[in-house]
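This report refers to the structure that appears directly beneath it.
In what follows, residues are counted from 1 in the order of the sequence shown.
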Amino acid sequence: MLLLISPDSVEEALDCAQAAEHLDIVDVKKPDEGSLGANFPWVIRAIRDAVPADKPVSATVGDVPYKPGTVAQAALGAAVSGATYIKVGLYGCTTPEQAVDVMRGVARAVKDYRPDAFVVASGYADAHRIGCVNPLALPDIARRSGSDAAMLDTAVKDGTRLFDHVPPDVCAQFVRLAHEADLLAALAGSVTVEDLGALTRIGTDIVGVRGAVCEGGDRTAGRIQPRLVAAFRAEMDRHARECAAAVATAS
């Protein structure tokens, strides 16, 4: 399981750089513009320069409306600014067909510019609260659009978490559907250390975190702490070892 950490400023990216050995992907977002709020191109460039060259930089394009051309241009802007993982929050898409339309435009715009870029179709575990596409539709949307991964986050940051809206057994179905479509499965949404056991058991490929590694657990007002990143990674590694041991024993 890869660990994706989301700084919202160059200063926080420098904190991530101090903990670079403990994380896999640095994700640029702007939390005050939404769960997948887009940051400025110059911030993406500065964060790309601030973190080690061997750490891929991800950028969110925003909680986007159903405007395929607008979103495609925004996604290309993120790629030009230095991101190699491009995440799109399908906030304004009410049907799978709309979501595929948006993501096809993103995949073409980004991959025409950089063929090795990694496109992530992101939906919301609490989709029922905002009227967007069903979480379990995301893997098929990603497959049909030429994306590389399907992701779930939470749209409304009110203290509820991923598993409050999509319990572990349904998340396991999401992961299975993604893997059957040859996609990576990414899960986020106020994830805590206590969720790592379930996330590991169901085969999650990427776990996205912000609040859990911020001072006071506050994704908006708190700042990422390198020691919390290290502690979170240590727990990830412990669960991975225990899961591997359980599989070995069962076989």
Side-chain angles (χ1 to χ4, degrees), residues 1-7 23-29 31 34-38 55-64 75 78 83-91 93 99 102-103 106-107 110 117-127 132-155 157 161-163 165-168 170-192 195-213 219 229 232-233 236 239-240:
M1 190 158 63
L2 301 178
L3 177 57
L4 178 149
I5 302 288
S6 301
L23 58 89
D24 301 291
I25 304 165
V26 177
D27 179 56
V28 187
K29 64 171 58 172
S35 66
L36 293 170
K55 298 296 177 183
V57 167
S58 163
T60 54
V61 175
D63 297 307
V64 305
T84 49
Y85 282 59
I86 310 297
K87 292 163 52 185
V88 180
L90 297 166
Y91 192 97
C93 295
V102 168
M103 292 310 305
V106 167
V110 169
F118 197 86
V119 175
V120 184
S122 300
Y124 304 90
D126 53 348
C132 67
V133 290
N134 186 291
L136 290 180
L138 262 295
D140 191 56
I141 289 166
R143 178 191 63 81
R144 289 166 59 194
S145 62
S147 301
D148 302 291
M151 180 175 185
L152 289 183
D153 203 328
T154 49
K157 300 298 184 182
R161 295 155 49 204
L162 171 71
F163 288 155
H165 302 287
V166 181
V170 181
C171 282
Q173 186 179 358
F174 175 88
V175 171
R176 177 179 58 78
L177 290 171
H179 290 171
E180 287 175 353
D182 292 325
L183 303 164
L184 294 187
L187 294 171
S190 301
V191 167
T192 68
D195 300 322
L196 286 174
L199 290 169
T200 302
R201 287 191 296 274
I202 66 177
T204 309
D205 299 300
I206 302 171
V207 59
V209 172
R210 176 168 172 79
V213 295
R219 73 184 294 272
V229 176
F232 195 91
R233 187 49 182 251
M236 281 181 63
H239 283 289

Assess whether side chain to side chain contact (heavy atoms under 4.5 Å, CB included) is satisfied between V191 and L199, documenting all intermediate values. CA-CA 10 Å; V191 167; L199 290 169; 3.7 Å; yes
Could you state the interatomic distance from [atom1] ([X]) to [atom2] ([Y]), rounded to the nearest 0.5 Å?
{"X": "F232", "Y": "L196", "atom1": "CZ", "atom2": "CG", "result": "4.0 Å"}
{"X": "S58", "Y": "L4", "atom1": "OG", "atom2": "CG", "result": "5.5 Å"}
{"X": "I206", "Y": "D24", "atom1": "CD1", "atom2": "CG", "result": "9.0 Å"}

Can you list the steps and then say if D140 with L177 is a side chain to side chain contact (heavy atoms under 4.5 Å, CB included)? CA-CA 8 Å; D140 191 56; L177 290 171; over 6 Å; no
Shortest non-hydrogen separation from [X] to [Y] and the atoms involved:
{"X": "D27", "Y": "A59", "result": "OD1-N, 3.9 Å"}
{"X": "P135", "Y": "L152", "result": "CB-CD2, 3.7 Å"}
{"X": "V61", "Y": "A75", "result": "CG2-CA, 3.8 Å"}

Indicate yes or no: at least one non-hydrogen side-chain atom of [X] is less than 4.5 angstrom from one of [Y].
{"X": "Y124", "Y": "D63", "value": "yes"}
{"X": "S122", "Y": "D153", "value": "no"}
{"X": "V166", "Y": "F174", "value": "no"}
{"X": "L23", "Y": "V209", "value": "no"}
{"X": "P7", "Y": "V26", "value": "yes"}

Sequence neighbours left out, what passes side-chain hydrogen bond (donor to acceptor under 3.5 Å, both in side chains) with D126? Give chain and number order.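 Partners of D126 by the side-chain hydrogen bond (donor to acceptor under 3.5 Å, both in side chains) criterion come out as none, since no residue qualifies.
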Looking at residues at least two apart in the chain, or sitting in another chain, which of them share a side-chain hydrogen bond (donor to acceptor under 3.5 Å, both in side chains) with D195?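 Partners of D195 by the side-chain hydrogen bond (donor to acceptor under 3.5 Å, both in side chains) criterion, ordered by chain and then number, come out as R161, T192.
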Solution key, residues 144-151 side-chain donor-acceptor pairs under 3.5 Å, sequence neighbours excluded:
residue, atom, partner, partner atom, Å
S145, OG, I141, O, 2.8
S145, OG, A142, O, 3.2
S145, OG, S147, OG, 3.0
D148, OD2, K111, NZ, 2.9
D148, OD2, V119, N, 2.8

In chain order, what residues pass the side-chain contact (heavy atoms from CB on, under 4.5 Å) check against T200, with sequence neighbours excluded?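 T200 satisfies side-chain contact (heavy atoms from CB on, under 4.5 Å) with M1, H239, C243 once adjacent residues are dropped.
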side-chain contact (heavy atoms from CB on, under 4.5 Å) against P31, all qualifying residues, sequence neighbours excluded: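 D8, K29, R210, R219.
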Check residues 179-190 and write down every donor-acceptor pair under 3.5 Å in which the side-chain atom is one partner and the other belongs to a residue at least two apart or another chain.
residue, atom, partner, partner atom, Å
H179, NE2, D205, OD2, 2.7
E180, OE2, R176, NH1, 3.0

Under 3.5 Å: donor-acceptor pair, side chain of T60, backbone of K87: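 Judged by distance alone, no pair lies under 3.5 Å.
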Under 3.5 Å, side chain of S35 to main-chain N/O of T154, donor-acceptor pair present?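 Looks like yes, one N/O pair under 3.5 Å.
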Just do the side chain to side chain contact (heavy atoms under 4.5 Å, CB included) check on F118 and T84 with the steps written out, would you? CA-CA 6 Å; F118 197 86; T84 49; over 6 Å; no
